[in-house]
Amino acid sequence: MSRVLVGVKRVIDYAVKIRVKPDKTGVVTDGVKHSMNPFDEIAVEEAVRMKEKKIASEVIAVSCGPAQAQETLRTALAMGADRAIHVEVAGAEYETLQPLHVAKILAKLSKDEKADIVIVGKQAIDDDSNQTAQMTAALLDWPQATFASKVEKSGDGLTVTREIDGGLEVIKTKLPAVVSADLRLNEPRYATLPNIMKAKKKPLKKMTAKDLGVDIAPRIKVISVEDPPVRQAGSIIPDVDTLVAKLKEGGHV
Amino acid sequence: MSQPHRRAVLNLYKTLLYLGRDWPQGYDLFRKRLHKVFTKNSGEQNPEKVQIMVKHGEFVVKEIEALYKLKKYRAMKKRYYDEN
């Protein structure tokens with residue numbers, strides 16, 4: 001039986017239209033709906049399923065972020081995690097928190113909690129970094145199975161099907177290992193109201209990066225954040241001849 | 001409302017309200033519509049009919065959950081996997 005550590009991130013909800021701050025330092029987060037990163041939901045679901053299949057003995061959810069990250073942890077607990085650890089990083093520190101710092105925190109916690117499997121979403125939908133799983137595995141010197149679309153227990157290790165360009169790759173790893181969840185790994189369950197209520201009774205430990213001895217000084221600086229280019233407006237053409245002429249002009253025929 | 005189903009009806013209402021927070025057209029619209037439906041049927045005295053209504057409500061809960069899941073999956077697929 002193994003212990004599973006799952007990383008979850010609180011991000012701006014996928015359905016929200018993102019607005020860039022006028023001073024180009026970032027995006028507007030105040031008063032905007034947040035929820036758990038969809039790929040992390042898949043990671044939590046996979047960990048909970050492992051527990052239901054008796055592969056895992058305990059599921060620990062971890063989140064690094066401001067006080068509101070606890071809501072995201074509650075969601076993870078409502079989905080079936082046993083306990084949660086909130087590593088509080090607030091204000092300016094959180095704005096400059098990077099995947100490397102999160103990876104260091106996850107690596108330290110994996111050792112402290114004696115985890116055998118670390119599962120995280122392949123990337124977060126806010127910064128799209130896709131680095132945390134890889135760096136956590138490197139820091140721990142554990143094997144990594146990224147972009148997993150199927151995870152099975154085989155012998156004393158895992159058999160993981162990975163999504164790669166134009167196909168699938170099946171790999172075997174020993175434990176302990178780091179897994180990152182791809183979209184097709186599973187269909188995450190909905191955190192129901194009664195389960196959210198029950199989750200309030202589950203243990204949630206609060207820590208700081210300092211407690212873990214992790215330095216979260218920024219390594220990179222964000223120079224500017226800008227909107228993607230706006231799509232140019234189309235025009236209506238009166239007849240086929242004009243269309244052909246325009247296409248020739250544009251070099252399409 | 002008949003007393004034996006009071007709890008079930010209240011639970012259903014709370015569950016639906018909770019689900020309404022993620023409603024694409026906004027919580028207010030969902031809440032108003034939900035309230036209207038519950039008020040409309042609030043005079044129902046026949047316990048059997050109330051039970052049928054609660055069953056239907058539970059079906060609607062499952063449908064909404066499925067809708068949210070599918071909507072999110074499609075959004076993710078469109079954003080990250082449909083390159084062409």
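Heavy-atom proximity under 4.5 angstrom to chain A picks out B:Y18, B:L19, B:R21, B:D22 from residues 17-34 of chain B.
Among pairs with a residue in residues 31-53 of chain A, those fulfilling ring-ring contact (aromatic ring centres under 6.0 Å, His included) read A:F39-B:Y80, at least two apart in sequence or across chains.
In this structure, chain B has no heavy atom under 4.5 Å from any part of A:S35. Within the 4.5 angstrom heavy-atom criterion, only side-chain atoms of A:D128, from C-beta onward, approach chain B. Heavy atoms closer than 4.5 Å to chain B are found in the side chain of A:R184, but not in its backbone. Interface remark: A:I125 contributes backbone and side-chain atoms alike to the contact with chain B (heavy atom separation under 4.5 Å).
When the shell of 6.0 Å around NZ of A:K24 is examined, it contains 12 or fewer heavy atoms from other residues, nucleotides or ligands. In this structure, A:K202 places its NZ atom where more than 12 heavy-atom neighbours from other residues, nucleotides or ligands lie under 6.0 Å away. Annotation for A:K21: atom NZ counts as buried by contact number, over 12 foreign heavy atoms lying within 6.0 Å. The local environment of CD in A:E52 is crowded, with over 12 non-hydrogen atoms from other residues, nucleotides or ligands closer than 6.0 Å.
Taking every heavy atom of both residues into account, B:K69 and A:P188 meet most closely at CE-O, 3.2 Å.
Counting only heavy atoms from C-beta outward, the side chains of A:Y190 and B:K62 never approach each other to under 4.5 Å. The shortest side-chain heavy-atom distance between A:E187 and B:Y73 does not fall under the 4.5 Å cut-off.
Here the NZ atom belonging to B:K72 is positioned 6.5 Å from the CG atom belonging to A:D13, to the nearest 0.5 angstrom.
Using a 4.0 Å cut-off between a side-chain N of Lys or Arg and a carboxylate O of Asp or Glu, A:R189 and B:E65 do not qualify as a salt bridge.
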